Amino acid sequence: MKNFALFFLIAILFPVIGIAQKKYEFQNDENYKAYQKDADKLLEKEIKFALLKKIMKDESVDEEEFKIIHNAFGFESRSGFEDYLAKQVSRVNVLEKRYQVSNMSMDDVAANDATESSLSECLENARLFAIKGHIACVPLDIQAIMGAFGAGAACHAAVEALRVLMIHICIQEHDINAAEEERKNAIEAIKTEERR
């Protein structure tokens with residue numbers, strides 16, 4: 001089941017990478033704005049990246065990992081994390097019903113007039129990845145209804161983990177690039193001063 005979920009995610013989500021320069025109609029929807037706000041709030045928690053990376057080493061979440069993943073996200077209880085996931089998945093389901101997000105392709109989007117920084121594009125890619133990922137997990141949610149360990153819940157948790165790790169990488173790369181740019185500017189300033 002774990003391999004199926006991973007394959008399913010990769011097959012559905014791979015095309016979404018690199019589309020942040022485009023703007024989807026659903027991004028003006030209040031459900032998307034609420035989804036984004038809560039997703040960004042999650043990043044304000046004390047995330048344990050080492051634990052999250054360890055859990056996501058195989059890019060999926062099994063039953064044992066699901067029991068502890070809330071700790072990696074900074075939640076005090078598993079139920080708090082599950083409530084967060086349920087709220088976010090509910091919002092994504094509304095977006096799917098209204099806009100058929102899972103069927104959207106590059107042809108379905110209008111160019112975004114705003115010039116975005118590479119950090120903004122990277123962050124938006126992570127958000128879009130997660131929305132499509134949660135939609136891809138929905139068929140697995142039926143197992144939770146049947147009373148078994150929910151492969152859907154694990155799938156949604158994996159999507160959130162991948163989103164958070166993607167954003168973490170975006171921010172790290174931005175910081176590295178900013179530091180490198182600052183170093184280059186400092187060297188250029190020294191050279192300019194020496195030429196005087």
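Since this is a predicted model, take the numbers as computed values, not measurements. The residues of the chain are indexed from 1 along the displayed sequence.
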Strictly distance-based, threshold 3.5 Å: is any side-chain N or O of Glu59 a donor or acceptor partner for the main-chain N or O of Met56? no

Verify whether one side chain among Glu124 and Gln27 offers a donor that lies under 3.5 Å from an acceptor in the other. yes

Rounding to 0.5 Å, atoms NZ (Lys48) and CD1 (Ile69) come to a distance of 12.0 Å

So is Lys45 actually on top of Phe73's ring, under 6.0 Å and inside 45° of the axis? no

Salt bridge check, Glu194 against Lys191: does any charged N sit closer than 4.0 Å to a carboxylate O? no

Taking only Lys NZ, Arg NE, NH1 and NH2, and the carboxylate oxygens of Asp or Glu, determine whether Lys67 and Glu64 approach each other closer than 4.0 Å. yes

For Ser102 versus Ile135, what's the shortest heavy-atom pair and its separation? CB-CG2, 3.5 Å

Which heavy atom of Phe66 sits nearest a heavy atom of Ala153, and at what distance? CE1-O, 3.6 Å

Residue pair Asp141, His156: steps toward the side-chain hydrogen bond (donor to acceptor under 3.5 Å, both in side chains) verdict: CA-CA 9 Å; Asp141 289 338; His156 291 297; 3.0 Å; yes

Between Tyr99 and Asp29, does any side-chain donor sit less than 3.5 Å from a side-chain acceptor? yes

Is it the case that one hydrophobic cluster holds both Ile55 and Ile169, taking links as side-chain heavy atoms less than 4.5 Å apart, direct or via other members? no

Salt-bridge present (Arg78, Glu82; N to O < 4.0 Å): yes

Give me the atom names and distance for the closest heavy-atom approach of Leu42 to Ile47. O-CD1, 3.7 Å

Of the non-hydrogen atoms in Cys137 and Val159, which two are nearest, and what is the gap between them? SG-CG2, 3.7 Å

Partners passing side chain to side chain donor-acceptor pair (under 3.5 Å) against Gln172 (at least two apart in sequence or in another chain): His168

Quick one: pull up CD in Glu180 and CD1 in Ile176 and give me the separation to the nearest 0.5 Å. 10.0 Å

So, does Arg163 use its side chain to make a donor-acceptor pair with the main chain of Ala39 at under 3.5 Å? yes

